[in-house]
S.K.: 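Right, I'll just put the structure down here and ask away after.
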Amino acid sequence: MLENELKTLPNLPGVYQYFDVQGKLLYVGKAKNLKNRVRSYFNFTPKLSPNPNNSLRIQKMINQTYHLEFITTKSEADALILENSFIKQLHPKYNILLRDDKTYPYIYIDLNDDFPRFEITRKIIKKNKIKYFGPFFKGAKELLNALYLSFELRQKKSCKELCLFYQIKRCKGPCEQKISKQEYEKIIQKATQALLNPLSLTKKLENKMFEHAKNENYEEAALIRDQIKTIEDVSIKIQIDLAKLEDFDVFSIHHEANILSMVRFVIKNGKIISSNYKILALNDQNDFDLNAIYKQYILENYIQDTPVNSTHIYVHDDFEDMKLLQDLLSERFSKKFHLKSPKLGEKKALCELALENAKINIQKHVKSEDYLFLKELKDFFKLQNHPNHIEIFDNSHMQGEANVGALVSYKDGKFDKSSYRHYHLSYKNDYDQMLQTLSKRALSFAKNPPPDLWLIDGGNALLKLASDIIKSSGANVDILAISKEKIDAKAHRAKGNTKDKIYTQEGKIQLSADDKKLQFLQKLRDEAHRFAISFHQKTKRKQNLQSSKLIQLGISQGYIKKFLDYYGSFDKINKASFDELKSLSNTKIAKLIKDNL
């Protein structure tokens, strides 16, 4: 099969995908010439086999390859965009996976305004005379608060008359022309310089912290202490003196001990105003692919419709697709980009500094308790991925009413509540409800990349269901299921004394009640259960309220149930056409609903 597929490859740019015998996606790659690129993975004589000139990782992948597919594109740049999209969506086993499409905030100021303010945004605002500072990977809010504490800026956007801030000398009163535009502009210039040197903003914060502590307002003092720490973390202390007030970005990548570390510095007017780092646990020491990582990491930091700090990018290492990436960014932002690996001078020194930070980040990470515990979890359950990002699923209903599904996210050592999701479900039984919940999530992989691990509240049947859904999606996600201990046919949830069962692809595992791995999975499951129950109760209250409105109109419980069974929710009943309602009931009831709801 594979040998015949290799004969169909065209001499065109595009994306290729390798699948194993179970249909699971192994790898996504892009090519300037599909035929030449894909055939380079193989030896054809005396029989089809992996090319020994490739890395051991690639040879292992080719040994597992049973089937390939390809998509042609107009250019290699288009192929790069498609490749990056597929990797984000499908989490292939042999690709290095940087699945974060987060857009980081910027601080901006609109100089078109008479008395402008500094504010936070995540997107380009299409107007002239707007200045951007960032992106700030952490601390944007803390910086902004410190800025308004340190400078007599217009404190409130909607202010139209003198207020408390004017009385306490934190605002010069531009709303009633108590300050001229020229004088206010001088304040803006000083505040701008402070943004380029964040540590200068901590002095006033420290004074305020000591004042709170002196007055025994210890909680307030602790909050300001944390703000100071965040601002200090934003600032990178360097001894390199840049000769010019330049704007540019620096990227460096390092890997060791199965850990990948990536660092970005943002330099504005010759100063590092923010830094970002990312840590990723590799599944295998041989997974390292410098070209693929640089491509993904840089593209992740230059998402369309976000501000661009500079069109000059310096990287610590040369990599294969530098020219292609440079051209792609130039086209994406309609500006000429320059992507270089400096060999001498201050730019080289900054790249080395970023690399040193990447090394330090790895040393800190491998010693952290979170990493060591998740590594133990991965090894014990024989997971393919390091489970840094886990999604947990549960459903809730009461006698087939108010059916809801819940998704809870655990990421980077804590629950990520911004990623929680809930779903209204139409099915009545647990199996079909979980099918609907998991299918909805899998269909969203294109917009919200998949996690490392799914944890399902259920037994072997739901584990198999989840496996089938992941297989059909092509994504590479590990799956575990946790089934509550049954006592007298009822789920037992007594804390600290449960004997829940864990289901894996290789069978059932019973852990002792005091096992840390079991307690961790129970904590995840219980949070999903809490979130599902909470949403179910809210939905039930809303349904009861809406049901009572229909009863007050004189509509019987029988017809209300018939409508709900057909439409699935009261909102859809309210939006239904007169003819539809009439076909399910009669003219009088249809008219009552349309006239009153």
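Count residues from 1 along the sequence.
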S.K.: Is it the case that Asp416 and Ser418 place a side-chain donor and acceptor less than 3.5 Å from each other?
M.R.: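 Result is yes, a qualifying pair exists.
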S.K.: With no hydrogens and no angle check, is any side-chain donor or acceptor of Asp321 less than 3.5 Å from a backbone partner on Leu325?
M.R.: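 No: the side chain of Asp321 does not pair with the backbone of Leu325.
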S.K.: Output the distance between atom CZ (Phe333) and atom OG1 (Thr311), rounded to the nearest 0.5 Å.
M.R.: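 One gets 11.0 Å once the value is rounded to the nearest 0.5 Å.
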S.K.: Before you tell me yes or no, could you show the steps for Lys343 and Asp318 under salt bridge (Lys or Arg N to Asp or Glu O under 4.0 Å), namely the whole-Å CA-CA distance, both residues' side-chain angles and the distance that decides it to 0.1 Å?
M.R.: CA-CA 10 Å; Lys343 306 305 177 191; Asp318 286 306; 2.7 Å; yes
S.K.: Test His338 against Gln326 for side chain to side chain donor-acceptor pair (under 3.5 Å), laying out the working first.
M.R.: CA-CA 6 Å; His338 305 273; Gln326 174 182 286; 5.3 Å; no
S.K.: Would you give the length of the straight line joining atom CG of Asp249 to atom CG of Leu339, rounded to the nearest 0.5 angstrom?
M.R.: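 Result: 10.5 Å between the selected atoms.
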S.K.: Please check if the distance between the ring centroids of Phe248 and Tyr314 is under 6.0 Å.
M.R.: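 Aromatic pair counts; centres sit under 6.0 Å.
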S.K.: Can you give me the closest heavy-atom contact between Arg441 and Pro451, atom names plus distance?
M.R.: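 Residues Arg441 and Pro451, closest heavy atoms: NH2-CD, 4.2 Å.
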S.K.: Is there a donor-acceptor contact under 3.5 Å linking the side chains of Asn112 and Asn128?
M.R.: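 There is no such pair between these side chains.
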S.K.: How about Phe251 and Tyr297: are their ring centres within less than 6.0 Å of each other?
M.R.: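 They qualify: ring centres under 6.0 Å apart.
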S.K.: So, Asp110 and Arg117, do they make that salt bridge, N to O below 4.0 Å?
M.R.: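 Salt bridge: no.
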S.K.: If we only count heavy atoms from C-beta on, is the Lys203 to Lys208 side-chain gap below 4.5 Å?
M.R.: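 When only atoms from C-beta onward are counted, Lys208 and Lys203 do not touch, as no gap falls below 4.5 Å.
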S.K.: Does a side chain donor of either Glu5 or Tyr66 reach within less than 3.5 Å of an acceptor in the other side chain?
M.R.: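 No, no side-chain donor-acceptor pair sits under 3.5 Å.
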S.K.: Quick one about His255 and Ser261 (side-chain donor to acceptor, distance below 3.5 Å, no hydrogens or angles considered), yes or no?
M.R.: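 There is no such pair between these side chains.
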S.K.: Let's go through Tyr94 and Gln64 carefully: what are the C-alpha distance in whole Å and the side-chain angles of both, what is the deciding distance for side chain to side chain donor-acceptor pair (under 3.5 Å) to 0.1 Å, and is it a yes or a no?
M.R.: CA-CA 11 Å; Tyr94 283 95; Gln64 295 176 27; 2.7 Å; yes
S.K.: Under a plain distance cut-off of 3.5 Å, with no hydrogens placed, do Asn385 and Asp478 share a side-chain donor-acceptor pair?
M.R.: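 Yes, because at least one side-chain N or O of Asp478 sits under 3.5 Å from a partner of the opposite role on Asn385.
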S.K.: Is a donor on one side and an acceptor on the other found under 3.5 Å between the side chain of Asn33 and the backbone of Asn36?
M.R.: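 Answer holds: yes.
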S.K.: Salt-bridged, Lys278 to Asp412, with N to O below 4.0 Å?
M.R.: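 Salt bridge flag = no for Asp412 with Lys278.
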S.K.: To the nearest 0.5 angstrom, please state how far the CG atom of Leu12 sits from the NZ atom of Lys74.
M.R.: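 That separation rounds to 13.0 Å.
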S.K.: Out of curiosity, Glu346 CD to Cys351 SG, how far, rounded to the nearest 0.5 Å?
M.R.: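 Rounded to the nearest 0.5 Å, the CD-SG separation comes to 11.5 Å.
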S.K.: Could you verify whether a donor N or O on one side chain and an acceptor N or O on the other, from Gln17 and Glu83, lie under 3.5 Å apart?
M.R.: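 Note: Gln17 and Glu83 side chains miss the donor-acceptor criterion.
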S.K.: Within 45 degrees of the ring normal and closer than 6.0 Å to the centroid, is that where the cationic atom of Lys517 sits relative to Phe380?
M.R.: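 Yes, Lys517 lies over the aromatic ring of Phe380.
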S.K.: Could you check if a side-chain atom of Glu391 sits within less than 4.5 angstrom of a side-chain atom of Leu455, using non-hydrogen atoms only?
M.R.: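 No, their side chains stay 4.5 Å or more apart.
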S.K.: Is a side-chain N or O of Asn357 found less than 3.5 angstrom from the main chain of Leu353, in a donor-acceptor match?
M.R.: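 Side chain of Asn357 to backbone of Leu353, a donor-acceptor pair under 3.5 Å: yes, one is there.
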S.K.: Heavy atoms, side chains only, cut-off 4.5 Å: are Gln296 and Glu300 in contact?
M.R.: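 They are not in contact (no side-chain heavy atoms under 4.5 Å apart), so the answer is no.
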S.K.: Would you say the side-chain atoms of Tyr371 and Asn388 include a donor-acceptor pair closer than 3.5 Å?
M.R.: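 Their side chains do not contain a donor-acceptor pair, so the 3.5 Å distance test is not met.
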S.K.: According to the interplanar angle, ranging from 0 to 90°, do the rings of Tyr16 and Tyr18 count as parallel (below 30°), tilted (30 to 60°) or perpendicular (above 60°)?
M.R.: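 Tilted, since the angle between the ring planes falls between 30° and 60°.
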S.K.: Before giving the answer on ring pair (Phe, Tyr, Trp, His ring centres under 6.0 Å), spell out for Tyr410 and Phe520 the whole-Å C-alpha distance, their side-chain angles and the decisive distance to 0.1 Å.
M.R.: CA-CA 11 Å; Tyr410 183 87; Phe520 174 70; 5.3 Å; yes
S.K.: Say you draw a straight line from CG of Leu2 to NE2 of His67; how long is it, rounded to the nearest 0.5 Å?
M.R.: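 Reported value, rounded in 0.5 Å steps: 9.5 Å.
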S.K.: To the nearest 0.5 Å, tell me how far Arg122 CZ sits from Ile303 CD1.
M.R.: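 Interatomic distance, Arg122 CZ to Ile303 CD1, rounded to 0.5 Å: 10.5 Å.
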S.K.: Just wondering, more than 12 heavy atoms not from Glu331 lying within 6.0 Å of its CD?
M.R.: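 No, the 6.0 Å shell around CD holds no more than 12 heavy atoms from other groups.
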S.K.: Just say parallel, tilted or perpendicular for the rings of Tyr132 and Tyr106, cut-offs at 30° and 60°.
M.R.: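 Because their plane-to-plane angle is over 60°, the rings of Tyr132 and Tyr106 count as perpendicular.
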S.K.: Side-chain contact, heavy-atom cut-off 4.5 Å: Val263 with Leu355?
M.R.: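 Val263 does not reach Leu355 side chain to side chain.
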S.K.: Locate the shortest heavy-atom distance separating Ile267 from Glu246; write the atom from each residue and the value.
M.R.: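 It is CG2-O, 3.6 Å.
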S.K.: Do Glu76 and Lys30 come close enough that some side-chain heavy atom pair is under 4.5 Å?
M.R.: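 A side-chain contact under 4.5 Å exists here.
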S.K.: Determine the minimum heavy-atom distance between Ala140 and Pro105, stating which atoms define it.
M.R.: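 Shortest heavy-atom contact: CB-CG, 4.0 Å.
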S.K.: Can Glu3 and Lys7 be counted as an ion pair, charged N to O under 4.0 angstrom?
M.R.: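 Not counted as a salt bridge, because no side-chain N and carboxylate O are separated by less than 4.0 Å.
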S.K.: Please tell me whether Glu256 and His254 have a donor and an acceptor in their side chains that are separated by less than 3.5 angstrom.
M.R.: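 Indeed, the side chains of Glu256 and His254 share at least one donor-acceptor pair under 3.5 Å.
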S.K.: For a quick test of reading the model, state the closest non-hydrogen atom pair linking Pro10 to Thr72 and the distance between them.
M.R.: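 Of all heavy-atom pairs spanning Pro10 and Thr72, the closest is CG-CG2, 3.8 Å.
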S.K.: State whether a side-chain donor-acceptor pair under 3.5 Å links Ser330 with Asp327.
M.R.: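 Per modelled atom types, Ser330 and Asp327 side chains form no pair under 3.5 Å.
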S.K.: Is it the case that Arg264 and Asn301 place a side-chain donor and acceptor less than 3.5 Å from each other?
M.R.: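 Side chains of Arg264 and Asn301: pair found under 3.5 Å.
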S.K.: Taking all atoms of both residues into account, what is the closest heavy-atom pair of Pro52 and Asn43, and its distance?
M.R.: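 Taking Pro52 first and Asn43 second, the nearest heavy atoms are CD-ND2, 3.3 Å.
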S.K.: Would you check if Met322 and Asn291 make a side-chain contact, meaning some heavy-atom pair closer than 4.5 Å?
M.R.: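 Met322 does not reach Asn291 side chain to side chain.
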S.K.: Please tell me whether Asp247 and Asn309 have a donor and an acceptor in their side chains that are separated by less than 3.5 angstrom.
M.R.: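 There is no such pair between these side chains.
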S.K.: Is it true that a side-chain atom of Thr306 and a backbone atom of Tyr302 form a donor plus acceptor pair closer than 3.5 Å?
M.R.: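 It does not hold such a pair.
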S.K.: Do Gln505 and Lys382 have side chains that approach each other closer than 4.5 Å (heavy atoms only, starting at C-beta)?
M.R.: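 Of all side-chain heavy-atom pairs linking Lys382 with Gln505, none is under 4.5 Å.
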S.K.: If we only count heavy atoms from C-beta on, is the Trp454 to Ile390 side-chain gap below 4.5 Å?
M.R.: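 The answer is no, as the side chains (C-beta and beyond) never meet within the 4.5 Å cut-off.
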S.K.: Identify the heavy atoms of Val266 and Pro135 that sit nearest to each other, and give their distance.
M.R.: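 The pair with the smallest heavy-atom distance is CG2-CD, 3.9 Å.
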